[in-house]
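Lettering of chains follows the sequences in order, A, B, ..., and the numbering in each one begins at 1.
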Amino acid sequence: MTPEDTATLAAAKLASLTILGGRDKGGALETLDLTLRPGDVVCVVGPTGSGKSRLLADIECLAQADTPSGRRILVDGAPPDARRRWATVGKLVAQLSQNMNFVVDLPVAEFVAMHADCRMVADGDRVVADVIACANALAGERFHADVSLTQLSGGQTRALMIADTALLSASPVVLIDEIENAGIDRKRALDLLVSQDKITLVSTHDPILALLGHRRIVVANGSVADVIETSAEETESRAHLERIDAVLMALRQHVRGGGRIEALPAAFSTFASAMATDEPFPWTR
Amino acid sequence: MRVITVAGPPSVGKTAVVLKTAAHLAAAGLRVGVVKFDSLSTQDDAAYARAGLDVSVGLAGNVCPDHFFVSNIDDCLTWARARGHDTLVAESAGLCNRCAPHIKGALAICVVDTLSGIHTPRKIGPMLKLADVVVITKGDIVSQAEREVFAFNVRKANPRAVVVAFNGITGQGAGELAFHMAQAAGFETLEGQHLRYPMPSAVCPYCVGETAIGEDHQRGNVRKMAFAGDGS
Ligand SMILES: Nc1nc2c(ncn2[C@@H]2O[C@H](COP(=O)(O)OP(=O)(O)OP(=O)(O)O)[C@@H](O)[C@H]2O)c(=O)[nH]1
Ligand SMILES: Nc1ncnc2c1ncn2[C@@H]1O[C@H](COP(=O)(O)OP(=O)(O)OP(=O)(O)O)[C@@H](O)[C@H]1O
Ligand SMILES: [Mg+2]
Ligand SMILES: [Mg+2]
């Protein structure tokens with residue numbers, strides 16, 4: 001191992017990350033002093049164009065008032081000096097987004113082994129098997145270790161990326177930009193990242209995913225408008241929403257399998273007519 | 001005059017990288033002039049001009065592009081000075097992987113993209129191996145794992161270089177690259193300076209326009225390849 005590799009691994013240790021406010025799109029001050037620690041899962045919500053991806057990018061580059069938002073990011077409570085900042089960037093953060101794909105044409109196991117090699121993990125074969133088993137637990141359809149990466153479906157690809165990032169990437173921070181449509185088990189995916197002591201930020205438009213975080217950051221007009229702790233009531237709401245989601249998922253499977261949907265569970269019509277009234281939704285109040 | 005060579009295979013994102021980084025350099029008060037070297041044609045000058053950057057183009061045409069570069073780079077510096085710039089960025093494409101335009105003492109940047117496959121860093125040669133900074137683009141469309149394996153292979157090919165991950169579309173990485181570019185060494189002139197890697201000394205009929213195939217035309221510096229099964 002070269003001295004630089006040792007430094008790389010050392011740089012990957014992180015006790016906290018602090019986001020300090022900048023300015024919104026209109027130039028008004030943003031009041032924000034938010035500290036994240038390993039094991040935190042924070043969701044980022046907000047309308048399209050509000051600045052969710054901007055916030056993730058500010059963290060990625062350890063912004064020092066030099067991005068459009070003017071935010072500053074502290075590492076372990078202090079601003080990194082320029083040299084340390086640029087030496088740290090890229091080692092701190094792993095990213096996952098909907099646009100990403102595998103482009104190498106190699107069998108899954110061979111490629112994951114290659115990744116394990118460059119991470120210099122001791123027990124390579126076991127880690128490779130773990131990554132593939134994890135990915136299969138997250139994805140709908142199982143895939144074999146010998147299948148080519150480029151033959152994986154969208155959901156399988158996303159599942160493998162998450163499992164690989166959790167178990168094989170050294171980065172202590174994981175940024176996930178909108179993966180809700182990937183058809184993977186989102187709760188298990190987040191649990192996996194938490195269990196590896198990563199700081200995880202997830203930008204999302206999906207209410208269930210938003211409630212899966214410990215906290216959620218609400219972005220509007222380029223600045224953080226609120227930071228909400230997920231309450232016990234919200235976690236309870238999530239349990240109900242997940243049941244509805246499971247039914248829709250089952251319907252999806254049914255349609256995929258060529259089925260017709262001419263009869264629905266009786267509860268559905270009760271539910272639908274209850275929702276069809278002119279009364280405002282309870283959460284609008 | 002800061003002199004910076006930016007080299008890399010075709011279409012990896014060199015222009016995108018220079019454009020995004022130049023915005024940071026301009027904000028820091030640097031006056032950047034760009035020269036684009038290419039073999040046959042380029043549209044890059046329009047892209048630079050659109051961004052308000054002063055640009056000149058050098059097309060090698062029927063001359064070896066690497067030789068063309070080295071015969072003109074000092075004139076580029078003269079041009080940039082006359083135009084009031086303090087930073088000269090020379091983007092070159094169309095060079096073959098055998099050579100590198102990098103100059104001893106001048107900041108040497110090599111741009112590669114993650115899409116080209118994880119073994120590419122080994123294939124590129126002195127353009128990458130002798131660079132001070134290796135910029136890796138298009139990480140936004142490949143998996144984190146491939147990015148890490150690719151960066152690892154870049155470090156293996158060139159352990160000395162600073163590696164910068166860059167998104168040519170959003171400009172992610174531009175702040176970091178600008179930090180390195182702003183520290184590029186300055187030159188009064190490039191006269192007397194040396195390339196980091198010698199260009200081929202071969203002179204053969206094909207160098208001067210021969211097109212016919214056959215032993216009769218292979219004079220001067222000719223090297224024949226060995227085939228599988230030879231000498232067994
Ligand atoms: N997705 C993605 N596309 C990129 C990135 N960087 C550049 N591109 C795109 O790649 C294409 C080629 O980019 P250029 O900057 O023209 O490449 P170049 O190396 O200057 O090309 P030549 O000078 O013609 O050899 C353009 O369509 C860019 O928008 C990146 O990081 N991600
Ligand atoms: N505080 C700010 N000041 C100036 N510009 C900003 C600020 N925040 C965000 N922007 C800019 O606004 C644009 C839209 O932001 P962004 O892409 O982050 O939106 P998003 O919330 O991710 O949207 P989507 O849900 O569609 O992905 C970007 O160009 C971004 O740089
Ligand atoms: Mg976004
Ligand atoms: Mg170009």
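Using modelled atom types and a 3.5 Å distance limit, the side chains of A:Gln95 and B:Gln144 yield no donor-acceptor pair.
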Going through the checks in order, is the side-chain contact (heavy atoms from CB on, under 4.5 Å) test met by B:Arg155 and A:Cys118? CA-CA 11 Å; B:Arg155 284 204 186 84; A:Cys118 82; over 6 Å; no
Mind running side-chain contact (heavy atoms from CB on, under 4.5 Å) on A:Val103 and B:Ile141 for me, showing each step along the way? CA-CA 9 Å; A:Val103 292; B:Ile141 33 192; over 6 Å; no
Apply side-chain contact (heavy atoms from CB on, under 4.5 Å) to B:Val149 and A:Phe111, showing your working. CA-CA 9 Å; B:Val149 171; A:Phe111 176 69; 4.0 Å; yes
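The line from CG of A:Asp66 to NE2 of B:His24 is 7.0 Å long, rounded to the nearest 0.5 Å. Atom CG of B:Asp140 sits about 11.0 Å away from atom CG of A:Asn101, to the nearest 0.5 Å. Between A:Leu160 atom CG and B:Ser143 atom OG the span is 8.0 Å, to the nearest 0.5 Å.
Both the backbone and the side chain of A:Ser169 have a heavy atom closer than 4.5 Å to some heavy atom of chain B. For B:Thr114, the part lying near chain A is the backbone, with the side chain staying farther off; criterion is any non-hydrogen pair under 4.5 Å. With a 4.5 angstrom heavy-atom cutoff, A:Leu149 does not touch chain B via any of its atoms.
Around the CD atom of B:Gln183, the shell of radius 6.0 Å holds more than 12 heavy atoms that belong to other residues, nucleotides or ligands. Counting heavy-atom neighbours within 6.0 Å of A:Glu141 CD, excluding the residue itself, gives a total of 12 or less. The number of heavy-atom neighbours closer than 6.0 Å to CG of A:Asp125, taken from other residues, nucleotides and ligands shown, is 12 or below. Other residues, nucleotides and ligands place more than 12 heavy atoms under 6.0 Å from the CZ atom of B:Arg2. The environment of B:Arg81 atom CZ is dense: over 12 non-hydrogen atoms of other residues, nucleotides or ligands sit within 6.0 angstrom.
When A:Met161, A:Met114, A:Gln64, A:Met100 are compared by the number of non-hydrogen pairs under 4.5 Å with chain B, A:Met100 comes out ahead. Of all the listed residues (A:Val104, A:Asp105, A:Asp164), the one sharing the greatest number of non-hydrogen pairs under 4.5 Å with chain B is A:Val104. Most heavy-atom pairs under 4.5 Å with chain A, from the set B:Glu146, B:Gln172, B:His119: that is B:Glu146.
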